[in-house]
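These notes are about the structure you will find just below.
No hydrogens, no waters, no symmetry mates; every other heavy atom, side chains included, goes into these values. Ligands are counted one by one from 1 in listed order, and the atoms in each one are counted from 1 as well.
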Amino acid sequence: MTILIKNIKKLIQVEESPRKWVAGADMASLNTIDNAYLLIENGAIKDFGTMDNAPKAAGGVQIIDAKGKMVFPSFCDSHTHLVYAGSREIEYVDKIRGLSYEEIAKRGGGILNSAKLLHNTSEDELYKQSLQRVNEIISLGTGAVEIKSGYGLTVEDELKMLRVIRRLRETTPITIKSTFLGAHAVPAEYIGKQDEYVDLIINEMIPVVASEDLADYIDVFCDKGFFTVEQTERMLMAGIKYGLRGKIHANELAFSGGIQVGVKYGALSVDHLEFTGDDEIQALLNSDTMPTLLPGAAFFLGMEYPPARKMIEAGLPIALSSDYNPGSSPSGDMKFVMSLGCVIMRLVPEEAINATTINSAYAMGISNTHGSIARGKVANVFITKPISNYEFMPYAYTTNLIDTVILNGEVWK
Ligand code: NIG
Ligand code: FE
């Protein structure tokens, strides 16, 4: 299957030679080609350039005329919890009425509420509900997504979630990475004996998850009221023994030490980071850990935003992701995440685009195959509707501007 997209007004995020990530002042620049073509062959990006060098289309080639439109690499959403059962709009109303996220969690709401709903939902039904969300984010331009477990909190239910993630990977064209998040919350029956739950994760959950090859990464919610640095350390060490690299929920609710422990154990990313000061920034500099910000969660919960500008000005890279989940961010719209990055965290559009493509690809371990328009990379791209500039994407913050989605070199819609 060969596709030639021609007359592209602007081809966005072009890479001539591979980059690990984009950091600091470089985040404000974006490589683009005006009046471009893009050639896709056998699921991969074969070539691109200006229209005057475009290949002549032979028979059997599908031609798409993108006059007035732009082509982006698909968004990479490196942090979601989109496998869940039911929804939690009643807690949303509680929040509006003034309860905090922590207060709702303490009353048995929050993550434990989702765990109860998930326990009472069959694997098939969970797959069906989650598939709907996967199709939704594909239509919104996402071409790769990381999905976490963590609403199971028992061996059996964590495996149920991870099997659903595997089935989504097998049955949909989007690229999926899977993360084991047994340490998302302490189940009710372990309250007061939290270390016993940590032992269960280490001695039972991690070995079986690894033996069934159900996860790529391990996550821990290292924060005030959830898991301590010491517990996080034990779980990360156990995960690493089984080949699971860390991706940590850190510093959302307090200066928890989560960033430092993530860096210490070589985590691929540390995520949330609302509480980031000079020590945390120092720890991240000279590390291989991607600071990942989730403005959708801070927006929905009405909480502090991470100091994105300060981080970039210190020379760090940042990634942006949706955190799609039923409690703190019931949306997987990466275009809206870009807008939040721009409007609230004062990113310029180039920084927001870098943060949702190449850097978020790094944060899920796929930047060598995704996150930019580069020869040989997987052909996951989208064509916009006619737009005046790429800045129009985050600017028109609720308008659906995605015209055509191409995944693995095939037109999805
Ligand atoms: O990333 N912070 C922890 N976990 C999720 C929230 C999950 C939930 O409330 O269901 C998050 O925001
Ligand atoms: Fe999360």
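- For ligand 1 and His79, the ligand atoms under 4.0 Å from any heavy atom of the residue are 1 (O).
- Geometric assessment of Arg133 against the ring of Tyr84 yields a positive cation-pi assignment under the 6.0 Å and 45° thresholds.
- Counting heavy-atom neighbours within 6.0 Å of Glu304 CD, excluding the residue itself, gives a total of 12 or less.
- For the pair Phe255/Lys224, no side-chain contact is recorded, criterion being any heavy-atom separation below 4.5 Å from C-beta on.
- To the nearest 0.5 Å, the span separating CG on Leu118 from OG on Ser149 amounts to 10.0 Å.
- Not one N or O of Ser114 is nearer than 3.5 Å to an N or O of ligand 1, by distance alone.
- Atom OG of residue Ser372 and atom CZ of residue Phe72 lie 13.5 Å apart, to the nearest 0.5 angstrom.
- The distance from ligand 1 to the heavy atoms of Ile111 drops below 4.0 Å at these ligand atoms: 7 (C), 8 (C), 9 (O), 10 (O).
- For atom 2 (N) of ligand 1, the closest non-hydrogen atom of the protein is Glu252 OE1, 2.8 Å.
- Between the side chains of Thr384 and Asp403, no donor-acceptor pair of N or O atoms lies under 3.5 Å.
- Atoms of ligand 1 found under 4.0 Å from any heavy atom of Tyr151, numbered from 1 in the order shown, are 7 (C), 8 (C), 10 (O).
- In this structure, Arg245 forms no cation-pi arrangement with Tyr217, as its terminal cationic atom is not both closer than 6.0 Å to the ring centre and no more than 45° off the ring axis.
- Looking only at protein heavy atoms, the nearest one to atom 5 (C) of ligand 1 is His184 NE2, 3.6 Å.
- Look at Asp195 and Arg234 and you find a salt bridge, because one of the NZ, NE, NH1 or NH2 atoms lies within 4.0 Å of a carboxylate O, short of that distance.
- Counting the atoms of ligand 1 from 1 in the order shown, those under 4.0 Å from a heavy atom of Arg88 are 8 (C), 9 (O), 10 (O).
- Sorted by first then second residue, the salt bridge (Lys or Arg N to Asp or Glu O under 4.0 Å) pairs that include residues 339-362, not counting sequence neighbours, are Arg309-Glu351.
- Each protein N/O/S atom under 2.8 Å from the Fe ion (ligand 2) was counted, for a total of 4.
- Ranking the protein heavy atoms by distance from atom 9 (O) of ligand 1 puts Tyr101 OH, 2.7 Å first.
- Ring pair Tyr151/His81 is tilted by interplanar angle, where 30° to 60° counts as tilted.
- Nearest protein heavy-atom neighbour of atom 12 (O) of ligand 1: Ser328 OG, 2.5 Å.
- Residues Tyr305 and Glu274 fail the side-chain proximity criterion, which asks for heavy atoms closer than 4.5 Å.
- Protein heavy atom closest to atom 11 (C) of ligand 1, with residue, atom name and distance, is Asp323 OD2, 3.1 Å.
- Only the side chain of Phe221 comes within 4.0 Å of ligand 1, judged by heavy-atom distances.
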